[in-house]
Novice: 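Pasting a structure here, questions to come.
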Amino acid sequence: MSENSQRSVTVERTGAGRYVATNARGGTIAFGTGSDDEFTPVELLLAALGGCTAVDVDLATSRHAEPATFTVEVTGNKVDDELGNRLTDLAVTFTVAFPDGEGAERARTILPRAVKTSHDRLCTVSRTVEIGTPVTATVQDA
């Protein structure tokens, strides 16, 4: 395990229904309630699923050939049932094409294995969602 295994972001309210998340390196992303074009928290979760596995697959395939097309679509159904609000039927779909040339056939060959390895072992986000991890919520004095 790495020395610095903790990850964190801070979320601050910037206005009615508007927030900014800041990571430890100073990067920011704005999001909101869906009343405008900013991402909602649910959409950020879908983006995190797709982004995490995209990084894994891209690293494995692009060392052999640069993709001409590389798109990851992530979908899920939001439900409200006896378990509360949640997403079901999460699906991650890759559309990747490599132009003819050196390494392209190798990249095409390893693509399915790279997707499977990311899903089964490497992608921290999808592994956390699939395995399930308890979340603790507390209130701290301001």
Side-chain angles (χ1 to χ4, degrees), residues 1-140:
M1 182 177 270
S2 68
E3 284 183 36
N4 185 8
S5 63
Q6 186 176 43
R7 305 292 186 265
S8 68
V9 297
T10 301
V11 175
E12 292 189 47
R13 182 180 187 270
T14 59
R18 299 178 65 97
Y19 309 88
V20 171
T22 304
N23 65 23
R25 297 173 309 284
T28 62
I29 187 165
F31 62 97
T33 59
S35 61
D36 54 22
D37 62 354
E38 290 179 336
F39 279 76
T40 67
V42 170
E43 291 165 337
L44 289 174
L45 175 64
L46 296 175
L49 282 166
C52 183
T53 195
V55 168
D56 292 339
V57 172
D58 190 29
L59 288 172
T61 58
S62 65
R63 67 177 63 145
H64 301 286
E66 189 65 22
T69 302
F70 191 108
T71 305
V72 181
E73 181 181 16
V74 185
T75 60
N77 297 317
K78 186 174 179 187
V79 298
D80 178 9
D81 60 16
E82 66 280 357
L83 298 175
N85 290 338
R86 61 194 175 93
L87 292 174
T88 63
D89 304 316
L90 292 170
V92 179
T93 304
F94 279 81
T95 304
V96 182
F98 298 96
D100 291 334
E102 189 175 332
E105 190 56 40
R106 177 75 178 133
R108 281 190 281 279
T109 300
I110 67 170
L111 176 62
R113 186 173 71 238
V115 170
K116 182 172 177 20
T117 302
S118 177
H119 174 266
D120 293 349
R121 193 97 190 113
L122 299 177
C123 176
T124 303
V125 177
S126 65
R127 300 306 311 141
T128 301
V129 169
E130 271 202 4
I131 292 169
T133 299
V135 176
T136 303
T138 59
V139 176
Q140 180 175 310

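None of these values were measured; they are calculated from a predicted model. These values consider heavy atoms only, across backbone and side chains, with no hydrogens, waters or symmetry-generated copies.
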Novice: Looking only at heavy atoms, which two atoms of Cys52 and Thr124 are closest? And how far apart?
Specialist: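 Heavy atoms only, the tightest pair is SG-N, 3.4 Å.
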Novice: Kindly give the heavy-atom pair with the smallest separation between Ser118 and Val57, and that separation in Å.
Specialist: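 Nearest pair, atom of Ser118 first, then Val57: CB-CG2, 4.3 Å.
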Novice: Minimum heavy-atom separation for Phe70 and Ala54, please, with both atom names.
Specialist: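 What the structure gives for the nearest pair is CZ-O, 3.6 Å.
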Novice: Answer whether the closest heavy-atom distance between the side chains of Leu46 and Leu90 falls below 4.5 Å.
Specialist: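 Yes; the side chains approach each other to less than 4.5 Å.
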Novice: Less than 4.5 Å apart, any side-chain heavy atom of His119 and any of Val92?
Specialist: no
Novice: Measuring from atom OG1 of Thr53 to atom CZ of Arg127, what distance do you get when rounded to the nearest 0.5 angstrom?
Specialist: 11.0 Å
Novice: Rounded to the nearest 0.5 Å, what separation is found between the CD atom of Glu130 and the CG atom of Leu49?
Specialist: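 So the CD of Glu130 and the CG of Leu49 are separated by 9.5 Å.
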Novice: So for atom CZ, which belongs to Phe39, do other residues, nucleotides or ligands contribute more than 12 heavy atoms lying within a distance under 6.0 Å?
Specialist: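 No, CZ of Phe39 has 12 or fewer neighbouring heavy atoms, counting only those of other groups under 6.0 Å.
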Novice: About how many Å separate CG of Leu59 and CG of Leu122, when rounded to the nearest 0.5 Å?
Specialist: 10.0 Å
Novice: Look only at the side chain of Thr109 and the backbone of Glu105, and say whether a donor-acceptor pair between them is shorter than 3.5 Å.
Specialist: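 Between the backbone of Glu105 and the side chain of Thr109 there is a qualifying donor-acceptor contact (under 3.5 Å).
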Novice: Are side-chain heavy atoms of Leu87 and Val42 found at a separation under 4.5 Å?
Specialist: yes
Novice: When rounded to the nearest 0.5 angstrom, what distance separates OG1 in Thr33 from CZ in Phe31?
Specialist: 10.5 Å
Novice: To the nearest 0.5 Å, what is the distance between OG1 on Thr61 and CZ on Arg108?
Specialist: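 Result: 11.5 Å between the selected atoms.
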Novice: Measure the CZ-CG distance between Arg113 and Asp120 for me, rounded to the nearest 0.5 Å.
Specialist: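 Between atom CZ of Arg113 and atom CG of Asp120 there are 13.0 Å.
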Novice: Closest approach of Thr40 and Glu43, non-hydrogen atoms and distance?
Specialist: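 Smallest interatomic distance, heavy atoms only, reads N-OE1, 2.8 Å.
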Novice: If I compare all heavy atoms of Pro99 with all of Glu66, which pair ends up nearest, and what's the gap?
Specialist: CD-O, 3.3 Å
